[in-house]
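Below is one structure, written out as structure tokens, with a few remarks after it.
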Amino acid sequence: MPSGDYDPEATERKWQERWVDENTYDYDDAAVDGDTVFSIDSPPPTVSGSLHWGHVYGFTLQDFVARFERMRGENVFFPFGYDDNGIASERLTEGELDIQHQDYERREFQQLCREVCAEYESEFTEKMQALGISIDWDHTYRTIEPRVQRASQLSFIELYEQGREYRQRAPAIWCPECETAISQVETEDDEQPSHFHDLEFEVTDSEDSFIISTTRPELLPACVAVFVHPDDDDNQHLVGEEATIPLFGQSVPIIADDRVDMETGSGIVMCCTFGDQNDIEWYQAHDLDLRIAIDESGTLTEEADEYAGLDRDEAREAIVSDLDDAGYLLDRRAITHVVNVHERCGTSVEFLVTEQWYIKLLDKTDEYLEAGRQMEWFPEKMFTRYKNWIEGLQWDWSISRQRSSGIPFPVWYCAECDHEVIADKENLPVDPLSDDPPVDACSECGHDEFVAEDDVFDTWATSSLTPLINAGWDWDAESEEYGMEHPEIYPFDVRPQGHDIISFWLFHTVVKCYEHTGEVPFDSVMINGMVLDENRVKMSKSLGNIVSPDEVLEKYPVDAARYWAAGSAVGDDLPYNEKGIVAGEKLLRKLWNASKLVDSLTPDERLDQPDLKAIDRWLLAEMDDTIRFVTEKLEAREFSKARDHLRSFFWHTFCDDYLEIAKERDDESAAYTLQTAHRRFLKLFAPFLAHITEELWRELYDETSIHNTDWPEPLGLDADHEAGETAMAVVGALRKYKSDAQLSLNAAIDTVEVYGNVAGFEADIQRVMHVDSLTMLDEEPEIESVVTGIDLDYSVVGPEYGSQVPEIEAGLEADEYELGDDSLSVAGIELDSEMFEVDRERRYTGEGEMLEADDAIVIVQN
RNA sequence: GGGCUCGUGGUCUAGUUGGUUAUGACGCGGCCUUUACAAGGCUGAGGUCGGUGGUUCGAAUCCGCCCGAGCCCA
């Protein structure tokens with residue numbers, strides 16, 4: 001029996017442990033029918049440290065859905081994945097063990113990663129369980145585990161066999177210090193001192209010359225074009241000519257392009273392969289030559305003639321000095337500018353042409369867009385981001401990464417003819433660095449030596465397979481077909497995720513799964529916003545505004561935080577708000593206390609439905625409306641609307657109105673209604689307040705978990721809603737009367753007369769307000785009414801009279817109107833009764849005091 | 001710089017198709033010990049809807065521009 005104050009700390013921990021021990025959220029592995037399975041595919045969180053608010057918020061929203069669908073009879077598949085196959089985990093390992101990945105053999109380093117990650121994973125597990133998320137902990141995966149490596153390599157092979165992958169030499173961002181390609185997200189801006197060099201370029205076969213300012217004269221040997229802005233009138237005459245590069249002598253075209261920054265230097269710019277991102281764009285847009293002057297280690301190549309072999313800094317000094325001697329250097333001045341550096345070592349990056357694997361995207365963007373359209377989006381507006389992303393795609397997807405930790409490409413190349421040798425599907429996963437290729441000799445040239453591909457997949461190439469990993473997608477060597485261990489969960493019912501990863505994670509997942517199965521992997525996508533700080537600014541270390549979930553959850557119940565998380569429109573950003581959590585805590589207290597009262601007013605055994613009194617029918621019928629509303633809003637993932645309506649109905653209608661009356665009664669009808677309503681409230685609150693509802697349910701009603709009970713259906717009782725509303729308004733008016741008269745609420749009132757429809761509620765009003773004598777009036781009491789104004793119904797008057805409305809308003813304002821029986825004459829216009837309402841002040845002229853309660857009139861004599 | 005989103009009383013929010021006095025909660029003031037809850041109940045004050053210009057009889061709601069915030073992309 002609930003007694004005393006609610007103790008969330010002990011209660012929440014108890015249920016979190018029991019839910020795990022009792023496998024409360026087990027997916028029924030014997031399930032075969034996709035229609036009764038509700039499957040969730042969450043993007044696995046990166047294993048790189050601690051839990052943040054984004055996790056709490058995102059997973060809590062998913063949990064609302066999981067619990068709601070489970071109670072509606074769905075067999076819920078809610079797995080959990082740990083993403084430990086990323087650069088983040090690699091760094092975590094290096095940091096924890098104070099090592100460098102280059103110093104280890106790949107499998108060795110990966111083993112260390114797994115050991116370090118295991119600790120963080122178990123910490124993550126504990127925290128997720130401490131949030132009460134209803135995950136089935138028997139269904140988990142790690143993105144680096146062999147099963148996932150196998151799926152990733154299978155995916156590569158199938159797409160390769162479909163002809164959707166190709167290998168090409170293309171520019172990549174390169175760190176000359178670490179000697180690896182890196183992704184753009186691994187670079188950062190750094191402000192560094194440098195020099196602008198004004199160099200004189202000669203126009204080929206002409207006396208003409210012009211000036212280019214550059215910070216990187218060492219790139220002159222790589223120069224392949226010179227660009228002028230189309231609006232640059234002063235230099236327009238150069239377009240179409242060729243320029244001769246100082247010292248190196250090659251002739252390059254002079255081209256007009258609006259990507260030139262006219263404000264910097266002379267407004268004329270050289271394009272080198274490659275100095276920056278712009279050079280890459282120009283190289284591709286204008287089909288320019290490729291001149292590689294800097295190699296993997298930042299050393300100049302043969303293209304640089306006599307400077308070959310110098311590193312880029314030495315080369316710069318040497319070239320500048322020679323330019324000066326030859327008279328090409330007109331000026332040299334110190335500046336500071338922002339350069340792209342590798343975030344880890346601070347070395348400025350180069351753009352290098354390397355062999356990379358690509359997945360084709362551009363040829364099928366229409367299909368991928370249509371796939372996105374087939375999913376239901378919560379909220380709908382987020383589809384636009386997906387759409388814009390696809391429509392703006394300009395590159396295929398490069399999936400090669402030159403890193404130590406990651407899933408290897410299952411590929412070898414013939415040492416003689418470079419022919420690609422792909423691993424056998426049944427042998428996956430393989431690591432070409434330590435495993436042998438599946439053939440003894442090249443099928444093309446017969447050569448018997450092979451070079452292992454030492455690149456690994458982009459982590460998104462794996463992360464984009466989570467639906468297939470969850471469904472147990474694999475290749476069956478016997479039937480020679482791809483299949484799934486759990487086909488009933490695919491496509492997934494919902495993909496929950498933040499709006500920050502729509503363009504790459506969601507998009508790549510749709511593409512991959514669509515290509516592998518021919519089906520869109522998700523029926524719906526539920527997008528959550530970002531958690532901001534209390535001032536709506538994002539939390540970041542540099543701003544020092546981070547609030548950790550750990551410290552908050554030490555102070556407040558998890559259910560209170562869940563209540564806060566439910567306070568947002570899906571897709572909107574949510575500010576962290578301690579007051580919102582406090583409000584949740586208050587609701588828990590209210591629910592606990594009301595439950596104690598209900599318990600004291602009802603017998604232990606479940607009652608059969610007796611003949612119900614009017615007020616009981618009314619409460620249960622009102623509750624039906626709430627059930628319909630909450631169900632509808634949860635279906636639409638409008639959590640805050642469901643939460644707020646439910647809270648308001650529970651607090652005000654049930655506790656303030658109904659319970660106050662019911663606690664004065666002692667009859668079967670009241671007891672049945674209290675029990676029924678209370679059971680239903682617990683169920684309706686269960687998806688939100690998972691712990692306290694479980695505690696109350698098991699204490700009061702049943703041995704088994706509330707989370708595995710059925711979601712309530714409307715009872716469909718007939719009730720006089722209007723009389724109930726009016727009766728509650730009468731009680732409210734009498735409370736206000738007592739409050740105004742500074743009477744205590746249980747003070748007696750001599751006589752109350754009511755004019756209005758409160759049929760069936762008379763005894764309830766009388767009892768709860770301690771009225772000695774309550775009588776109903778058949779006729780309106782002696783009332784004098786004074787017209788105080790006319791209210792127009794603009795939705796009727798507006799369309800009808802349009803621009804005449806101001807005249808009508810002016811007439812009413814000036815009291816220049818005539819009121820008929822059901823018409824109004826003003827400004828020469830006759831208005832029908834449905835176009836206006838007369839505002840009256842009613843004055844009671846009899847004995848006692850008149851109160852107005854909605855449509856009812858209440859006369860009090862005391 | 002581009003795309004998308006958000007901006008409502010001190011704080012967090014409701015306000016689908018434009019219609020009169022803009023919803024609720026937290027906080028604040030006043031009153032009230034009622035058979036759970038004073039961390040409760042009743043009640044009151046507080047906003048003209050980021051700014052600005054427009055469309056309209058009428059705009060928080062539609063359109064333009066500007067400002068601030070968030071995400072992604074450059």
Side-chain angles (χ1 to χ4, degrees), chain A residues 2-6 184 259 277-278 281 379-389 391-394 498-504 527 529-538 564 567-569 571-601 636 638 640-641 643-645 647-648 651-652 655-656 659-660 662-664 666 732-747 768-770 789-809 836-837 839:
Chain A
S3 63
D5 292 336
Y6 179 51
Q184 202 188 341
R259 280 165 279 202
Q277 290 277 12
N278 228 6
E281 282 186 40
E380 226 178 307
K381 63 189 177 191
M382 287 297 171
F383 171 68
T384 313
R385 291 201 186 181
Y386 181 90
K387 182 167 169 280
N388 288 345
W389 171 257
E391 289 175 345
L393 274 181
Q394 290 179 351
H499 61 56
D500 54 335
I501 55 174
I502 292 173
S503 54
F504 50 106
I527 302 293
M530 304 289 111
V531 179
L532 308 176
D533 78 354
E534 298 214 87
N535 300 312
R536 283 186 169 278
V537 178
K538 73 167 168 184
W564 159 77
S568 65
D572 280 2
D573 291 346
L574 181 63
Y576 167 72
N577 180 6
E578 187 160 344
K579 285 174 182 165
I581 299 178
V582 171
E585 204 181 14
K586 289 175 76 166
L587 177 61
L588 298 183
R589 201 173 296 122
K590 189 74 177 176
L591 180 57
W592 181 260
N593 289 324
S595 299
K596 281 198 295 187
L597 180 59
V598 169
D599 182 39
S600 73
L601 296 170
E638 296 185 82
S640 69
K641 288 181 187 169
R643 180 198 79 164
D644 292 347
H645 184 97
R647 175 191 181 281
S648 168
W651 201 304
H652 299 116
C655 292
D656 295 344
L659 254 185
E660 288 297 335
K663 72 184 182 189
E664 309 269 351
D666 181 21
L734 289 170
R735 276 205 196 111
K736 182 165 157 43
Y737 168 81
K738 289 186 178 182
S739 179
D740 290 348
Q742 301 200 4
L743 294 170
S744 71
L745 278 174
N746 59 356
V768 74
M769 283 291 107
H770 303 274
I790 307 283
D791 286 337
L792 292 175
D793 183 346
Y794 285 87
S795 63
V796 185
V797 177
E800 182 74 27
Y801 295 104
S803 56
Q804 289 176 286
V805 170
E807 295 167 37
I808 297 173
E809 285 172 330
F836 66 93
E837 216 162 284
D839 220 11

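Per chain, numbering begins at 1; letters A, B, ... match sequence-line order.
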Exercise. How long is the line joining CD1 of A/Ile527 and C1' of B/rC72, in whole Å?
Worked result: 12 Å
For this session: Measure from CD1 on A/Ile502 to C1' on B/rG70 and round the result to the nearest Å.
Result: 13 Å
Seminar exercise, completed: In Watson-Crick or G-U wobble terms, with both distances under 3.5 Å, the base opposite B/rU16 is none
Exercise. Is A/Glu660 touching bases, backbone alone, or none of the nucleic acid, heavy atoms closer than 4.0 Å?
Worked result: base
Exercise. Is there a donor-acceptor contact under 3.5 Å linking the side chains of A/Tyr386 and A/Glu391?
Worked result: no
Exercise. Which part of the nucleic acid, if any, lies within contact of A/Ser648, taking any heavy atom under 4.0 Å across all strands shown: a base, the sugar-phosphate backbone alone, or nothing?
Worked result: nothing
Exercise. What orientation do A/Trp592 and A/Tyr6 show, parallel under 30°, tilted 30 to 60°, or perpendicular over 60°?
Worked result: tilted
For this session: Kindly give the heavy-atom pair with the smallest separation between A/Leu743 and A/Ala747, and that separation in Å.
Result: CB-CB, 4.2 Å
Exercise. Expressed in whole Å, how much space separates the C1' atoms belonging to B/rU21 and B/rC49?
Worked result: 15 Å
Exercise. Any side-chain heavy atom of A/Asp656 within less than 4.5 Å of one from A/Trp651?
Worked result: yes
Exercise. Looking only at atom P, what distance separates B/rG27 and B/rC66, rounded to whole Å?
Worked result: 41 Å
Exercise. Say you pick atom P in B/rU16 and the same atom in B/rG7; how far apart are they, in whole Å?
Worked result: 11 Å
Exercise. Want to settle it: does A/Lys596 or A/Val796 sit nearer the 5' end of RNA chain B, counting the closest nucleotide to each?
Worked result: A/Val796
Exercise. Which nucleotide in the set B/rU20, B/rG41, B/rC32 lies at the smallest distance from any side-chain heavy atom of A/Asp656?
Worked result: B/rG41
Exercise. Distance between the C1' atoms of B/rG9 and B/rA14, in whole angstroms?
Worked result: 14 Å
Exercise. Across the strands shown, which category fits A/Glu664 at heavy-atom distances under 4.0 angstrom: base, sugar-phosphate, nothing?
Worked result: base
Problem set entry | N or O in side chain of A/Lys736 less than 4.0 angstrom from B/rC32 OP1/OP2 | no
Problem set entry | Side chain of A/Tyr794 - closest among B/rG19, B/rA36, B/rC4 | B/rG19
Problem set entry | Nearest-Å distance for atom pair NZ/P, residues A/Lys387 and B/rG2 | 19 Å
Exercise. Rounding to a whole Å, what distance do you find between A/Lys738:NZ and B/rG30:C1'?
Worked result: 20 Å
Problem set entry | 4.5 Å side-chain heavy-atom contact, A/His499 and A/Lys381 | no
Problem set entry | Nucleotide nearest A/Cys655 when distance is taken to its side chain, options B/rA36, B/rU13, B/rG70 | B/rA36
Exercise. Across the strands shown, which category fits A/Gly580 at heavy-atom distances under 4.0 angstrom: base, sugar-phosphate, nothing?
Worked result: nothing
Exercise. Between A/Asp500 (CG) and B/rA69 (P), how many Å, whole number?
Worked result: 19 Å
For this session: Between B/rG15 and B/rC71, how far apart are the P atoms? Round to whole Å, please.
Result: 24 Å
Problem set entry | Nucleotide nearest A/Arg647 when distance is taken to its side chain, options B/rG41, B/rA25, B/rC72 | B/rA25
Problem set entry | Nucleotide paired to B/rC42 in any strand shown, Watson-Crick or G-U, under 3.5 Å | B/rG30
Exercise. How would you label the contact of A/Asp644 with the nucleic acid (heavy atoms, under 4.0 Å): base, sugar-phosphate, or nothing?
Worked result: nothing
For this session: Go through B/rC26, B/rU13, B/rG70 for me and flag the one nearest to the A/Leu532 side chain.
Result: B/rG70
Problem set entry | Nearest-angstrom distance, P atom, B/rA60 to B/rG1 | 31 Å
Problem set entry | Heavy-atom closest contact (A/Ser640 atom, A/Gly567 atom, distance) | CB-C, 3.6 Å
For this session: Scan A/Lys381 against the nucleic acid and name what it touches under 4.0 Å (heavy atoms): base, sugar-phosphate only, or nothing.
Result: sugar-phosphate
Exercise. Can you tell me the Watson-Crick or wobble partner of B/rA69, both distances under 3.5 angstrom?
Worked result: B/rU5
Exercise. OP1 or OP2 of B/rG41 sitting under 4.0 Å from any side-chain N/O of A/Trp651?
Worked result: yes
Exercise. Hey, is CG on A/Asp5 packed in by over 12 heavy atoms from elsewhere, all under 6.0 Å?
Worked result: no
Problem set entry | d(CD, A/Glu800; C1', B/rU56) in whole Å | 17 Å
Seminar exercise, completed: Which of B/rG15, B/rA36, B/rG40 is nearest the side chain of A/Lys586? It is B/rG40
Exercise. When you measure from the side chain of A/Asp573 to the backbone N and O of A/Met530, does any donor-acceptor pair fall under 3.5 Å?
Worked result: yes
For this session: Identify whether any heavy atom of A/Trp592 sits under 4.0 Å from a base atom; if not, whether one sits that close to sugar-phosphate; answer base, sugar-phosphate or nothing.
Result: nothing
Seminar exercise, completed: Among the nucleotides B/rA25, B/rC71, B/rC73, whichever has the atom closest to the side chain of A/Arg385 is B/rC71
For this session: Kindly point out which of B/rG27, B/rU35, B/rA25 is positioned nearest to the side chain of A/Leu597?
Result: B/rU35
Exercise. Just how far, in rounded Å, is C1' of B/rA14 from CG of A/Leu574?
Worked result: 15 Å
For this session: For A/Lys663, answer base if it contacts any base atom (sugar-phosphate contacts may also be present), sugar-phosphate if it contacts only those atoms, and nothing otherwise; contact means non-hydrogen atoms under 4.0 Å.
Result: base
For this session: Rounded to whole angstrom, note down the P distance from B/rG47 over to B/rU8.
Result: 16 Å
Problem set entry | Residue whose closest nucleotide on RNA chain B lies nearer the 5' end, A/Leu792 versus A/Leu743 | A/Leu792
Seminar exercise, completed: Separation of B/rG58 atom P from A/Gln804 atom CD, nearest Å, is 14 Å
Exercise. So what's B/rU61 paired with, Watson-Crick or G-U wobble, going by both distances under 3.5 Å?
Worked result: none
Exercise. Among B/rG41, B/rU43, B/rG19, which is the nearest nucleotide to the side chain of A/Lys590?
Worked result: B/rG41
For this session: Could you measure between the two P atoms, the one in B/rG19 and the one in B/rC63, and give it in whole Å?
Result: 15 Å
For this session: Compare the minimum distances between each of B/rC12, B/rU34, B/rA36 and the side chain of A/Ser744, then state the nucleotide with the smallest one.
Result: B/rU34
Exercise. Of all residues at least two apart in sequence or in a different chain, which pass the side-chain hydrogen bond (donor to acceptor under 3.5 Å, both in side chains) check with A/Lys738?
Worked result: none
